[in-house]
Amino acid sequence: MGSPSSASIRQNNLLFLIFIMIFFFYYIPDKISLCSNQSSVNPSVIPYKISSSISSLETLKLDGYFSFDDMDYAAKDFGNMYHVLPSAVLHPKSVSDISNTIKHIFKMGSTSQLTVAARGHSHSLQGQAQAHQGGELWINILQETLKYGLAPKSWTDYLHLTVGGTLSNAGISGQAFKHGPQINNIYQLEVVTGKGEVVTCSEKQNVELFYGVLGGLGQFGIITRARISLEPAPKKVKWIRALYDEFSKFSNDQEHLISKNSFDYIEGLVIINRTGLLNNWRSSFNPKEPLQASQFISEGKILYCLEIAKYFNPNESDVMSQETESLLSELSYIPSTLFLSEVSYVEFLDRVHQSEIKLRAKDNSNGPILIYPVNKSKWDNRTSLVTPEEDTFYLVAFLSSAMPSSTGRDGLFHILAQNKRILGFCSSASLGAKQYLPHYSTQEEWQAHFGPKWEVFVARKSTYDPMAILAPGQRIFRRNNLHMMLASRSRLISGKES
């Protein structure tokens, strides 16, 4: 696809992109081993019908190619908890490769148990699918749009994720209070459905598919193109951190800031018993009050960090400084903990990737706990994404990583048990919390997750992927069982009506 002209891209203030991914074809067993080094699917014992279905893939005429051997790398994802060996891997070179393959599997009907997972760069956490490479990353989108002085409005904190992956979930960062998640900033999609049909959709064309795919966990189609809303890209960022020792003051200030046209980015995190916290900040930030900052003690305390940013261009520096000073004067942070920095726009947006590199080098399991509010008015309820009911709700993210082979507090099973206790508390306290990047093991749990949207979700699935071929790793629907569920649901409805 050729690069758009500068005049064209500025006039339309959006970008049209194509994404080519790697796809994995699975026969999913009923049980998947957790944290096993052994594959859950052994190619030597695949049933005859499955083996026949796989061999039929070799008859397809493609621009790309299939591989059937040496696929151990494809049995893992970023979470490294679920290991499932695919039966085949498609390396497509065109959208028609994807369409023809899915159409071929769809036409097999109930004689096949093959499913298809589009795996981007394998940043799923719970075995939703596994991948080695593929899909366009947001960091690449940023670098391309900056050539025209433009950038997407809404971001994820981590730019080394695929566009199709975040649009299938939501795409949330500190800009969400202002622009909504990434799925609210899309004008048009090209999607390959579970029938193998290539469909262009938008808020005016094939509307149900458009809103279904956005936040739809890959259940209704595979995104191959996206038209993304852009805005003029700033050159610089004023990046600010400050600490609170009272949660009420911290949350009140966050909610105050998102209620007005204040900063361009607002997040927060919880810091527990961190030694030499402010000294560590000095490598990237400058203290407003150096002497007082050097005397601040963070050990043994639970602290709350407000992280905010304001975008600007060099010729706007004086105005930006005045506006920032005025906004900061309205807040109740601990004065000695105010730290400031000025960085390039790209450096700020790619900050998490740089932190990841440092953490990997240290082999550290203590990731941050993020907590920040967003305005529900900025989220489009027509998408498949579900949110809490409140007008202002909080994103809370426990970003820990397990140490290999550890059986202690930094081990996988301890962290998973802790996550389960947190979710159990949210449920028993009726907080109305919703999982982001949701993972459930039963359809009843999925139904509870989607709530009033479940009926629409099932209807969209039956329309766009009636054989439940796509995204099997989510474990929402089982291959060839969707029609049975719909038939049962139809009988239930008929019985109620009669």
For the side chain of [X] and the backbone of [Y], is there at least one donor-acceptor N/O pair under 3.5 Å apart?
X	Y	value
Ser154	Gly180	yes
Ser326	Glu323	no
Asn184	Lys378	yes
Lys376	Glu390	no
Asn185	Pro181	yes
Ser427	Gly424	no

Check: Given the rule in the salt bridge (Lys or Arg N to Asp or Glu O under 4.0 Å) test, do Glu208 and Arg460 qualify, once you have shown the distances and angles that lead to the verdict?
Finding: CA-CA 8 Å; Glu208 277 296 310; Arg460 286 171 172 170; 2.9 Å; yes
Next item on the list: Take Ile308 and Leu257 through the test side-chain contact (heavy atoms from CB on, under 4.5 Å) and record every step on the way to the result.
Entry: CA-CA 10 Å; Ile308 49 184; Leu257 290 175; 4.1 Å; yes
Next item on the list: Could you give me the CA-CA distance, side-chain angles and deciding distance for Glu255 and Tyr372, then say whether side-chain hydrogen bond (donor to acceptor under 3.5 Å, both in side chains) is met?
Entry: CA-CA 9 Å; Glu255 293 190 25; Tyr372 57 92; over 6 Å; no
Establish, from distance only, whether the side-chain atoms of [X] and [Y] form a donor-acceptor pair under 3.5 Å.
X	Y	value
His449	Gln435	no
Gln474	Trp446	no
Thr166	Trp138	yes
Tyr311	Gln175	yes
His91	Asp97	no
Arg382	Tyr211	yes

Is any side-chain heavy atom of [X] closer than 4.5 Å to a side-chain heavy atom of [Y]?
X	Y	result
Phe312	Ser317	yes
Pro287	Trp281	no
Lys301	Ile271	no
Phe457	Ile476	yes
Glu267	Ser173	yes
Asn381	Lys453	yes
Leu306	Leu331	yes
Lys178	Asn261	yes

I need the [X] [atom1] to [Y] [atom2] distance, nearest 0.5 Å.
X	Y	atom1	atom2	answer
Ile172	Asp157	CD1	CG	9.5 Å
Leu423	Gln418	CG	CD	11.0 Å
Ser298	Leu278	OG	CG	6.0 Å
Leu470	Ser168	CG	OG	10.5 Å
Phe177	Thr392	CZ	OG1	12.0 Å
Leu167	Leu161	CG	CG	11.0 Å

Return yes when atom [atom1] of [X] has more than 12 non-hydrogen atoms of other residues, nucleotides or ligands closer than 6.0 Å, and no otherwise.
X	atom1	result
Glu299	CD	yes
Lys288	NZ	no
Arg282	CZ	yes
Ile297	CD1	no

Next item on the list: Give the ring-plane orientation class for Phe220 versus Tyr464, where under 30° counts as parallel, over 60° as perpendicular and anything between as tilted.
Entry: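 Aromatic pair Phe220/Tyr464 classed perpendicular.
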Margin query: Between His256 and Glu330, is the side-chain contact (heavy atoms from CB on, under 4.5 Å) condition met? List the steps.
Written below: CA-CA 9 Å; His256 168 68; Glu330 301 173 4; 2.8 Å; yes
Heavy atoms only: give me the nearest [X]-[Y] pair and the separation to one decimal.
X	Y	value
Gly432	Pro388	O-CB, 3.7 Å
Ser229	Lys153	OG-CE, 3.3 Å
Gly216	Ser384	CA-CB, 3.6 Å
Val191	Gly221	CG1-CA, 3.4 Å
Asn169	Leu217	OD1-CD2, 3.4 Å
Asn206	Thr200	ND2-O, 2.8 Å

Margin query: Show, in sequence, the C-alpha distance, side-chain angles and deciding distance for Tyr304 and Tyr244, and conclude whether the ring pair (Phe, Tyr, Trp, His ring centres under 6.0 Å) test is met.
Written below: CA-CA 5 Å; Tyr304 308 95; Tyr244 295 72; 8.2 Å; no
Check: For Phe247 and Lys249, what are the C-alpha separation, side-chain angles and deciding distance, and is it a side-chain contact (heavy atoms from CB on, under 4.5 Å)?
Finding: CA-CA 5 Å; Phe247 182 77; Lys249 291 182 178 179; over 6 Å; no
Note to self: Evaluate Val116 against Ile98 for side-chain contact (heavy atoms from CB on, under 4.5 Å), listing each step before the verdict.
What the structure shows: CA-CA 10 Å; Val116 179; Ile98 303 167; over 6 Å; no
Notebook entry, point to check: Does NZ or CZ of Arg351 lie under 6.0 Å from the centre of the six-membered ring of Phe348, at an angle within 45° of the ring axis?
Noted result: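 Yes.
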Item checked: Steps toward salt bridge (Lys or Arg N to Asp or Glu O under 4.0 Å) verdict (Lys310, Glu316) -> CA-CA 11 Å; Lys310 198 164 186 64; Glu316 304 165 336; over 6 Å; no
Check: Which residue pairs pass the side chain to side chain donor-acceptor pair (under 3.5 Å) test with at least one member in residues 331-346, sequence neighbours excluded?
Finding: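 Matches after skipping sequence neighbours: Trp155-Tyr345, Lys238-Glu342.
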Note to self: Under a 4.0 Å threshold between the charged nitrogen and the carboxylate oxygen, would Arg225 count as salt-bridged to Glu136?
What the structure shows: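 A salt bridge is absent here (no side-chain N lies under 4.0 Å from a carboxylate O).
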Check: Just one of Val198, Thr193, Thr224, Ile222 clears the side-chain contact (heavy atoms from CB on, under 4.5 Å) bar with Ser99, so which one?
Finding: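 Answer to the side-chain contact (heavy atoms from CB on, under 4.5 Å) test with Ser99 among Val198, Thr193, Thr224, Ile222: Val198.
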